[in-house]
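Some notes on the structure that comes next.
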There are 4 protein chains.
Amino acid sequence: MIDPGPLERPKDPPWRQIADRLRDAIAKGAYPSGAKLPSEKTLCETYGVARMTARRALENLRDDGVIESRPGIGWFVREG
Amino acid sequence: MIDPGPLERPKDPPWRQIADRLRDAIAKGAYPSGAKLPSEKTLCETYGVARMTARRALENLRDDGVIESRPGIGWFVREG
Amino acid sequence: MIDPGPLERPKDPPWRQIADRLRDAIAKGAYPSGAKLPSEKTLCETYGVARMTARRALENLRDDGVIESRPGIGWFVREG
Amino acid sequence: MIDPGPLERPKDPPWRQIADRLRDAIAKGAYPSGAKLPSEKTLCETYGVARMTARRALENLRDDGVIESRPGIGWFVREG
DNA sequence: GTGGTCTAGACCACC
DNA sequence: GTGGTCTAGACCACG
């Protein structure tokens, strides 16, 4: 008979995993209010993903009001 | 700092996991030459996937020449 | 002397122009509550853009609560 | 229905528009061989762009062999 | 060297 | 044939 055991289910997509780690780091105070986050390029290299994937993670936090972008400078934890 | 550990990478997609289990079962003699495999519907229920996903697994084995479909009847391990 | 006249300024990016046209069409009743919007592929062909550009437009409307996606089916004007 | 008309496509980028105007002015004799061009700062103010944008226009003409920079002094139409 | 946008493909799961 | 995700580049404006 075939093995009827449960399949390995797909994990959260990479962009969500990255978003979750950033959220954790911010929640734990690693990036206080006003702090600059790692650049998109750094995130790409850290996690081995394409830039659009890193950006999705950052945009997800932005949509939650947690961070904001300052074009030409970087991404920052929103102040108060 | 953010956790720089590796992301959880996607496992094999469900259709491939199912195909692999079917291949194993056939190789182990659970479905000898000419035997009828579980129906697409049964595979769907066993693994909790959509029908197209079960189909893709079966088509994968067919493309490898391991099984064949007899429309309206089912999928069978190829003879000879 | 050089011409000191004003430069031609960049227009809204394509994704925003597409989003604005969709918003207009919905506001004018071309897509009533519950209606299915053109597929991403259709938007690509209509406007000559890459799929990610068409998607950005749709995601912008989704973030505004105007439409929602039903994976495997399409994008729909939100009911109620 | 949505408006299927063509999108407004991006014009030439500002740095190219400025480069083109400089080229025109030189071709028309407004800046003869050896003449000093407007400073980067002046170009910024004239056109309302950032300094790197004005610089890129000048570097474009330099790469074409039309002008040259004398660091600390300015940009000049190349002689001979 | 930063974010903002875009291209032109790809594979996946589901209908 | 639909949306969801990803790749691996690209050009731009700005600091």
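Lettering follows sequence order; numbering is per chain, from 1. Model, not experiment: these values are computed from the prediction.
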Item to complete: For the side chain of C/E40, starting at C-beta, report the closest nucleotide among F/dG3, F/dT7, E/dC15.
Response: F/dG3
Fill in: Partners passing side chain to side chain donor-acceptor pair (under 3.5 Å) against A/D64 (at least two apart in sequence or in another chain)
A/R23
Discussion item. Which residues pass the side chain to side chain donor-acceptor pair (under 3.5 Å) test with B/T42, not counting sequence neighbours?
Written reply: B/S39
Worksheet, complete the sentence: Across all chains, not counting sequence neighbours, the salt bridge (Lys or Arg N to Asp or Glu O under 4.0 Å) partners of B/R9 are none
Worksheet entry | salt bridge (Lys or Arg N to Asp or Glu O under 4.0 Å) partners for D/R62, two or more places apart | none
Response to the item:
In DNA chain E, stems of three or more consecutive pairs, Watson-Crick or G-U, each with both distances under 3.5 Å, turn out to be E:1-14 with F:1-14
Worksheet entry | Nucleotide nearest C/P14 when distance is taken to its side chain, options E/dC6, E/dC15, E/dA13 | E/dC6
Worksheet, complete the sentence: Residues in residues 44-66 of chain C with a heavy atom under 4.0 Å of DNA chain F, by number, are C/R51, C/M52, C/R55
Worksheet item: Who are the salt bridge (Lys or Arg N to Asp or Glu O under 4.0 Å) partners of A/D3, not counting sequence neighbours?
Response: B/R21
Item to complete: Give a yes/no answer on whether the side chain of A/W15 brings an N or O atom under 4.0 Å of OP1 or OP2 in F/dT5.
Response: yes
Item to complete: Ignoring hydrogens and angles, tell me if any N or O in the side chain of C/Q17 forms a donor-acceptor pair with the backbone of C/D12 under 3.5 Å.
Response: yes
Fill in: Which residues share a side chain to side chain donor-acceptor pair (under 3.5 Å) with D/E40, sequence neighbours left out
D/R51, D/R55, D/W75
Worksheet item: What pairs with A/E45 under side chain to side chain donor-acceptor pair (under 3.5 Å), at least two apart in sequence or on another chain?
Response: A/K41
